[in-house]
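Every chain is numbered from 1 and lettered A, B, ... according to where its sequence line falls, protein lines coming before strand lines. As a basis for the values below, the full set of heavy atoms in this structure was taken, side chains included, without hydrogen atoms, waters or symmetry mates.
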Amino acid sequence: MSVTRRGILTAVPIIGAGVLGVGFWRMLSDMRSGAFDPRAIKNPNVGKPIPTFAMPGLPGLGDGFTDAELKAQHRPVLVNFFASWCIPCVAEMPGLRAISRNMPIWGIAYEDKPENASAFIQRDGSPYARVASDRHGRVAIDWGVTGVPESFLVAPGGRIIWHGSAALDPQIYEAEIRPRLAGL
Amino acid sequence: MFGPEQGHFALALACVLALVQFAVPLWGANRRDARLVGLAPYLAVSQLLALGYSFLCLVMCAVSDDFSVQNVAANSAVSKPLLYKITGVWGNHEGSVLLWTLILAVCGGAVSLFGRNLPDILRGRVLAILGGVSAGFQMFCLLTSDPFERVFPAPMDGQGMNPLLQDPGLAFHPPILYTGYVGFAVPFAFAVAALIEGRVDAAWGRWVRPWAVAAWCFLTCGIALGSWWSYYVLGWGGYWFWDPVENASLIPWLTGTALVHSAIVVEKREGLKIWTVLLAIATFSFSLSGTFLVRSGILNSVHAFANDPARGVFILALLAIVIGGSLALFAWRAPSLTSTGLFSPVSREGSLVLNNILLCSICAVVVTGTMYPPFMQLLAGRTISVGKPFFDAATIPLTLPLLLAMGVGTALPWKRAQLARTFSHLYAAAGIAAIGLALCFWKLSGILPIACGALAIWVIAASVSDVLRRIGLGHTSAQGVWERMKNLPRSSWGAALAHIGAGITILGLCGMSQAEHAIVEVHIGETRSLAGDDWTLLDVHDYIGPNYKAMQADIAIRHNGKFVTILHPEKRDFTTQSQTTTEVAIHTNFITDLYGVVGDRHGTGKDTTYVLRLHRNPLAPWMWLGGLVMAIGGAFSLSDRRMRIGAPKRAAARNMARA
């Protein structure tokens, strides 16, 4: 069959459909392995330094913290946004306690009454090395938080190297966080 | 008699019948064996009966609260009203796939019944293709989404249905929309059959067009109904969100609209054959990809279906066979189809080509916008969302010339037109459009709404003036006008109506671009004003409904001190699903909708305040009214004698001999 303009034009639809089909197939297979999540929330701040902030503490849990203190750390820190009104955060607590045996977790109470947040994390033992209160969610906006719980892995010096928008558990720690600690 | 096992068996039987319906007529047509080909209609009808029985069984399971059936247990409950027990059957993935295949079988039955004028071989091949698609999706139903799956032990009560779906509008939205989607399977089957045969002629165009028009009518109604539902149920005050699921219905509508127009050229002038065949394949392919990719979870949508990548792989394989197969056949056979009808760029054909180019460009924009986020994430690993700003900016500039051409197109004669003469017919319409433009400048703000509004008025005026010219109003006596009115083909009336409907819809969209809203927090007795109306919260009271608790507000609206209406928006708490819904209250005078929503209650005692959302939506009802008028126009042209009868028997016999 010789190549004609008609032949080319009539072949275009099948090529287009083929490209789409291969793309869809890749997406589906990546979805099964977890590499592709259409509902994932990507944080634009990953790879950038943490924003500037200063937050007060929660009653009975010491002072809050600032970006300078976080930057001054010599070990990677997991920063976790939570709230006492958030059901996934309740579910996340045992997982956080398990992770806290391996690395420090700093908690930020998001849009929560300080007394509620304080009672919530003290109920079964706090996983947090330090806790601060973001009473009106102002700091969360700078971090690009879209909901709670969300967590950030912050390298010494204050660069964000990982972001997670699901409740954390030891599996996620082993799969996503621990491999990243090795290079720090 | 109508138990789940019988239903399951009937589904399997239908699947086997569909496979036979696929294989036997194709084989028979190849061997020129009239008896084998003649079996196709009987097979199609028996497949329909088996599938209808299966569907009835599922409905009976839901009605009789048989919670041993997983699907009923997950989506129904004893306390659910009977209407929603029935409509709930297709309110979930498994049931909707069964409904989908049932409608496909109904299409096959319709072709068997109404296609008696078709040459036997063509009808056999069309039914075979329909049978093949049916078999694929029935297999999908049986293997990955069995609606009759049992649970043991059977629960005492079901989990109930998403309360948002308990609405008469949504209850009938899926069947109508699916009829639209699936209806395009018939033009698709005709296209594939024609490719196998290697011949597309005027008779083919005449046969395929009524099916395309019928599917188009249903799809138009389905989209309008869905948009109306989201307007009055979701309570966001919006009507279209450019969500992937909505786009999935818009894309085949755009190519389907192009198909309905290009098939005219095949029928009248034997031109645009390859293009029409491609549109028929593309429209059904888009219908298929849309309905099913939405369920695979690839597209991130607010319309949640149970996402299951395993199911997605099966669907994708099926799509690859149906779409890939037909496109491969197209690439192989289409170059041999030749056009005979020559025409100048300025002619009816030329305007239809322009219509096709513009519709397909809009379609390409919508496809790009819908596919961009998942492909961007796949290739670059970045998540982005494409929304209203992109779609508005990209589709409206393409819509403007489309509207302009719509007015001119019907006034052009076939083959070759003299522009000066055509324009002389359009002076009146242009005058009205100029007045409309002034009106738009006065009432609307923003350059695009003004341009769209004026062009919509132009389309309506040009369609009306075209009909008036054809019936000779002002040129002949009243008797003569009456005679001409009777003789004017129904399809001309239909085309004019459909164009007027499109104009009305566009006007509605322009009106909605000027919508105003306010979110207020008020005490009982307080008044707030919005765009000249005073909204007063009179009272709020609680009551208990059949399966929910409700809070109802009474809001009085006055315009310049004159009482207009009292709205009763509600907020309902569904206890079984611990979900709340808002019942919007709408007062309409068909020019403006006053739209009230009641939200949260804050505080207690004297300090109690209520959050209210107040909307003033100009011309909102016109959007759906226009859709209805478009569909009525389509139905009108379906009733055209030429469409009903198709090509004369003798011509069909001659074609048969040539085949």
Where do Asp134(A) and Arg138(A) land on the salt bridge (Lys or Arg N to Asp or Glu O under 4.0 Å) test, with the steps shown first? CA-CA 7 Å; Asp134(A) 184 18; Arg138(A) 186 65 197 80; over 6 Å; no
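Contacts of Leu378(B) with chain A are made by both backbone and side-chain atoms, with heavy-atom separations under 4.5 Å. Using a 4.5 Å cut-off between heavy atoms, Ile281(B) makes no contact with chain A at all. Contacts of Ile8(A) with chain B are absent, with no heavy-atom separation under 4.5 Å from either backbone or side chain. Heavy atoms closer than 4.5 Å to chain A are found nowhere in Ala320(B), neither backbone nor side chain.
A 6.0 Å sphere centred on CH2 of Trp85(A) holds more than 12 heavy atoms belonging to other residues, nucleotides or ligands.
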For residues 51-65 of chain A, run the donor-acceptor check on the side chains, cut-off 3.5 Å, and write out each pair with its distance to 0.1 Å, sequence neighbours left out.
none

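Here Ala258(B) pairs with Leu279(B), Asn356(B), Leu359(B), Cys360(B) under the side-chain contact (heavy atoms from CB on, under 4.5 Å) rule; sequence neighbours left out.
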